[in-house]
Amino acid sequence: MKKVFSILLALMACVTLEARQVQFFAGQSERRLNGLFPILGGELSNSAATCIDDIDAVMPRMRQLGLNTVLVPAYWEFIEPIEGQFDFTLTDRVIDKARENDLKVIFLWFGAWKNSMSCYAPLWFKTDTKRFPRAMTKAGKPMEIASCFSEKVLEADNKAFGSFMRHLAEKDKGTGTVVMMQIENEIGMLEAARDHSPLAEKAYQSQIPRILWKTLGIQQPRTWQEHFGDDIYGEEKFMAYHYAKYVEQLAQTARSIYDMPLYVNAAMNSRGRLPGQYPSAGPLAHLIDFWHAGAPSIDLLAPDIYDTGFKGWAEQYALPNNPLFIPESRCCVNSGVRAMYAFGEHQALGFSPFAIDQAAPEETESVTRAYGLIRQCSMLNAQSSKPNASWGLLFDQQDKERIINDGQIVITCRHFFTLPWNPRATDGSEWPEGGAMLLKLATNEYLLAGSGIVVSFATAYEKAFEEEKVLGEDGFVVEGKKELTVDKKRFSGKRLGIASVDEVSVDSLGRLNYIRRENGDQDHQGRHARISCGEWKILHIKLYEY
């Protein structure tokens, strides 16, 4: 039965995204989130918490970058270096330093698997392959991957994880520094769609659980082998269910000791690769039914987004029963605008660039600037009696425009470099991504927060009537480059004008504080509102009809 977590606003001190309630549904279970906070996160590189000195150095830096949450590995090999003997020195140091720097922590359990491999399992586990058998390819080659079909593997992993959770309960209960737990890391089978070890083969010859009959269209008992044969996508489904069953055991252990939100993360099935070429059977969007069936105690399936097509990957995971949380994303100059998009479009639970502790200043700057704006917008929502309607914008050189229909108002949103007078728009250079949150405050009143965006407004009638114009670098129509897209008829409707565009900040009470008026050249004489690439602003836009 799926347990749905509640995250209290108080955990994040003064930070709240929305006071709205989000429902999760799973079988007979339904619970509500009392509130969402924006996890303005950053994940540390894999070895960043393997010694005291590194932990002491990295935590103040994360606070300075504007994070409110740090995602930190918890390493099985350090926690149980000798079987049955546990050492939580590093765990305690992470929590202590997080508290000193007013940060929350999400621990990542690097247990039996990390990026598919069993590289963070302790040496006593790795060397005893008789007791802790490996997964195998179809040719019988053993992998550096523990078999999820082994009771002994599960028993050892679960024992260590349980000890870790008990220690967290003692160290952190009543304080709430640790706000969420990731179980394993990018779980999945490599070099083959499924495990072919003897234990796995036995399971493949067993009957498919009744809980999956409807999903698979099965009417009567059948084995996995009978149903799928050698189809690699069928084998991936088999493996996904059994990985999920394994994770469920750890999730139940966590629930029984220290109840907190639990999630699993997925390496994407990208670039046209086949199962086994990518980590087969992980918590991928096309396998969500198998993961929900096998691991009902897991609250979130979360994508690690490194490839192109950020919006498409995010959309696959932003589901009614799976709020979007992005625990890993490539840390780059575009990270900030991607965060703005995720929170604006999908009301994401959180966003976290990976290896932010190793990133260059120009990459972390975009994160810091974006997180500052998101914090302010969250204050606005926290003081509202109901959530503001919002949209996320994210553009690049190929995907330049989005049309939003808000009732009778048509909002045309574009990349800043679609404006012709910036030389980088046409000089052949690669465009940085532009992104923003667009919030509706009231009728004819919006807030635009982000970077590299230009937005114009029209009535639905005006938009249908308008002319498509080619503009020159001075912002006026190029002679002879005008085409009417509708019949030449007399205009008989209403237009929207820009009453004002003001740069503002938002204080802790959700009040807009005026900074400056963006008129004249700054709003192209009332034609649009814009934030140039490299600038990070919040614009308060008021419209009027004439």
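If you read the sequence from its start, that first residue is 1, and numbering goes on from there.
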Side-chain polar contacts of residues 398-410 - donor-acceptor pairs under 3.5 angstrom, sequence neighbours left out - could you list them?
residue : atom : partner : partner atom : Å
Asp399  : OD2  : Lys311  : NZ           : 2.5
Glu401  : OE1  : Arg414  : NE           : 2.6
Glu401  : OE1  : Arg414  : NH2          : 3.0
Arg402  : NH1  : Glu345  : OE1          : 2.8
Arg402  : NH1  : Gly392  : O            : 2.8
Arg402  : NH2  : Glu345  : OE2          : 3.3
Asp406  : OD1  : Lys440  : NZ           : 3.4
Asp406  : OD2  : Lys440  : NZ           : 3.2
Asp406  : OD2  : Tyr446  : OH           : 2.6

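Counting only distance, with no hydrogens or angles, the side chain of Asp299 and the backbone of Pro261 share no donor-acceptor pair below 3.5 Å. Between the Arg255 side chain and the Met260 main chain, a donor and an acceptor come within less than 3.5 Å of each other. Looking only at distances, no side-chain donor or acceptor of Glu315 sits under 3.5 Å from a matching main-chain atom of Gly312. A donor-acceptor contact shorter than 3.5 Å links the side chain of Tyr75 to the backbone of Ala49. Between the Asn68 side chain and the Leu40 main chain, a donor and an acceptor come within less than 3.5 Å of each other.
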Please lay out, stage by stage, how Asp357 and Arg61 fare under the test salt bridge (Lys or Arg N to Asp or Glu O under 4.0 Å).
CA-CA 8 Å; Asp357 55 306; Arg61 287 177 49 218; 5.5 Å; no

request  = Start with the C-alpha gap between Arg517 and Asp523, add the side-chain angles, then the distance that decides, and say whether salt bridge (Lys or Arg N to Asp or Glu O under 4.0 Å) holds.
outcome  = CA-CA 10 Å; Arg517 177 62 52 90; Asp523 71 353; over 6 Å; no

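Going from atom CG of Leu108 over to atom OH of Tyr263 covers 5.0 Å, rounded to the nearest 0.5 Å. Taking CD1 of Ile374 as the reference point, atom CE of Met437 lies at 6.5 Å (rounded to 0.5 Å). Expressed to the nearest 0.5 Å, how far CG of Leu543 lies from OG1 of Thr443 amounts to 10.5 Å. Taking OG of Ser366 as the start and OH of Tyr371 as the end, the distance is 9.0 Å to the nearest 0.5 Å.
With sequence neighbours left out, Asp54 forms a salt bridge (Lys or Arg N to Asp or Glu O under 4.0 Å) with no residue at all. Glu328 is linked by a salt bridge (Lys or Arg N to Asp or Glu O under 4.0 Å) to nothing, counting only residues two or more places apart in sequence or in another chain. Glu535 is linked by a salt bridge (Lys or Arg N to Asp or Glu O under 4.0 Å) to Lys537, counting only residues two or more places apart in sequence or in another chain. In this view, Arg338 and Glu433 satisfy the salt bridge (Lys or Arg N to Asp or Glu O under 4.0 Å) rule, not counting sequence neighbours.
For the side-chain contact (heavy atoms from CB on, under 4.5 Å) with Val504, the qualifying choice from Ile538, Asn513, Leu539 is Ile538, the only one to do so.
Residue Lys171 places its NZ atom among more than 12 non-hydrogen atoms of other residues, nucleotides or ligands, all under 6.0 Å distant.
Ring to ring, Trp421 and His524 are close: their centroids are under 6.0 angstrom apart.
Residues in residues 388-416 take part in these ring pair (Phe, Tyr, Trp, His ring centres under 6.0 Å) pairs, two or more places apart or across chains: His415-Phe417, His415-Trp431.
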